[in-house]
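Residue numbers start at 1 and run along the sequence shown.
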Amino acid sequence: MTIRLSVLTAAILLFAAPGARADLVTNGGFETGDFSGWQVDNIHGTTFVSAYSGYVHSGTYGASLGVERGDNVLSQQLATIVGDSYNITFYLRGSTSPSTELKVFFGTDVLLDLVDSTQGDWTKYSFDEVATSASTLLAFNTNGTSFGAFALDDVSVVPDAVPEPASLVLFGSGLLAASGFRWRKRPKVVRR
């Protein structure tokens with residue numbers, strides 16, 4: 001009975017608890033109040049972190065990805081595993097001005113290309129991508145011909161949770177062992 005309970009407890013812990021999925025993005029909510037962890041390349045831009053409510057989806061701070069007749073790139077190099085799948089999510093509000101463009105890249109893949117997206121409600125974007133190298137660039141590139149700013153917040157990249165094959169083997173072995181104890185022969189009782 002004790003062995004069956006131990007196997008059952010291990011199985012529940014293995015499959016009921018969510019897998020450890022560490023976020024690869026540093027400072028994805030910009031809650032440091034600056035671009036710590038991010039690379040900012042402003043050619044002619046005005047990208048900044050702000051506590052202004054129009055740039056904040058959650059928490060205290062959010063990012064303004066400004067455009068002023070040129071390019072801005074906000075990026076972060078992520079440690080990834082070749083062949084593994086990753087879930088990329090972020091919240092975005094359109095630009096405060098038309099004639100602006102935002103492209104989002106994961107490595108060389110373009111996840112999103114918004115053109116002339118005017119400001120509205122916050123929109124959650126979610127993508128599943130497979131890494132092709134051990135280091136993958138996540139980049140938000142804005143450009144345009146007049147001043148405008150996209151709002152960005154709550155950026156996250158997490159590995160897709162897939163049970164490890166070794167865990168599945170261990171779980172199956174445990175079930176077989178538990179069922180074996182249940183089926184064992186009981187001593188015959190002779191009634192007279």
Transitively linked via ILVMFWY side-chain contacts under 4.5 Å: Val115 with Leu65?
no
Locate the shortest heavy-atom distance separating Gly28 from Trp38; write the atom from each residue and the value.
CA-CZ2, 4.3 Å
Is there side-chain contact between Tyr55 and Val49, with heavy atoms separated by less than 4.5 Å?
no
The reported gap from OG1 in Thr123 to CZ in Arg93 (rounded to nearest 0.5 angstrom) is 9.5 Å
Side chain proximity check, Leu138 to Val25, heavy atoms < 4.5 angstrom
yes
Single-linkage hydrophobic cluster, 4.5 Å side-chain cutoff, Ile88 and Trp122 together
no
For the student: nearest non-hydrogen atoms of Val56 and Ser50, plus distance
CG2-O, 3.7 Å
Nearest 0.5 angstrom please: Leu74 CG to Thr47 OG1, how far?
7.0 Å
Just verifying a value: how many Å separate Tyr125 OH and Asp154 CG, rounded to the nearest 0.5 Å?
14.5 Å
Give the minimum heavy-atom separation between Pro159 and Ala22, together with the two atoms involved.
CD-O, 3.4 Å
Does Glu31 use its side chain to pair, donor to acceptor, with the backbone of Thr60 at less than 3.5 Å?
yes
At what distance, to the nearest 0.5 angstrom, does CG of Asn141 lie from CG of Leu102?
7.5 Å
Shared ILVMFWY cluster between Leu111 and Leu24, side chains joined below 4.5 angstrom?
yes
How close do Tyr61 and Phe30 get, heavy atom to heavy atom, and via which atoms?
CB-O, 3.1 Å
Which atoms form the tightest heavy-atom contact between Thr80 and Ser135, and what is the distance?
OG1-N, 3.8 Å
Run the numbers on Glu101 and Asp113 for side chain to side chain contact (heavy atoms under 4.5 Å, CB included), then give the verdict.
CA-CA 7 Å; Glu101 180 180 21; Asp113 188 358; 2.6 Å; yes
What is the minimum heavy-atom distance between Ala131 and Thr136, and which atoms define it?
CB-OG1, 4.1 Å
Mind checking the CG-NZ spacing from Leu114 to Lys103? Nearest 0.5 Å is all I need.
11.5 Å
Under 6.0 Å between ring centres: does that hold for Phe140 and Phe150?
no
CG-NE2 distance between Leu92 and His57, expressed to the nearest 0.5 angstrom:
11.0 Å
Identify whether Val104 and Val158 are in the same connected component of the hydrophobic contact network (ILVMFWY, side-chain heavy atoms under 4.5 Å).
no
Any donor-acceptor N/O pair, Asp23 side chain to Val157 backbone, under 3.5 Å
yes
Any chance you could lay out the side-chain hydrogen bond (donor to acceptor under 3.5 Å, both in side chains) test for Asp160 and Asn87, step after step, and finish with the verdict?
CA-CA 6 Å; Asp160 283 337; Asn87 180 250; 4.8 Å; no
For Ser36 and Asn27, test the side chains for any donor-to-acceptor distance below 3.5 angstrom and give the result as yes or no.
no
Should Leu152 and Tyr91 be regarded as members of a common hydrophobic cluster, given that ILVMFWY residues are connected when their side-chain heavy atoms come within less than 4.5 Å of each other, either directly or indirectly?
no
Between Phe127 and Tyr86, is the ring centroid distance below 6.0 Å?
no
May I ask you to decide if Gly37's main-chain N or O and Gln76's side chain share a donor-acceptor pair within less than 3.5 Å?
yes
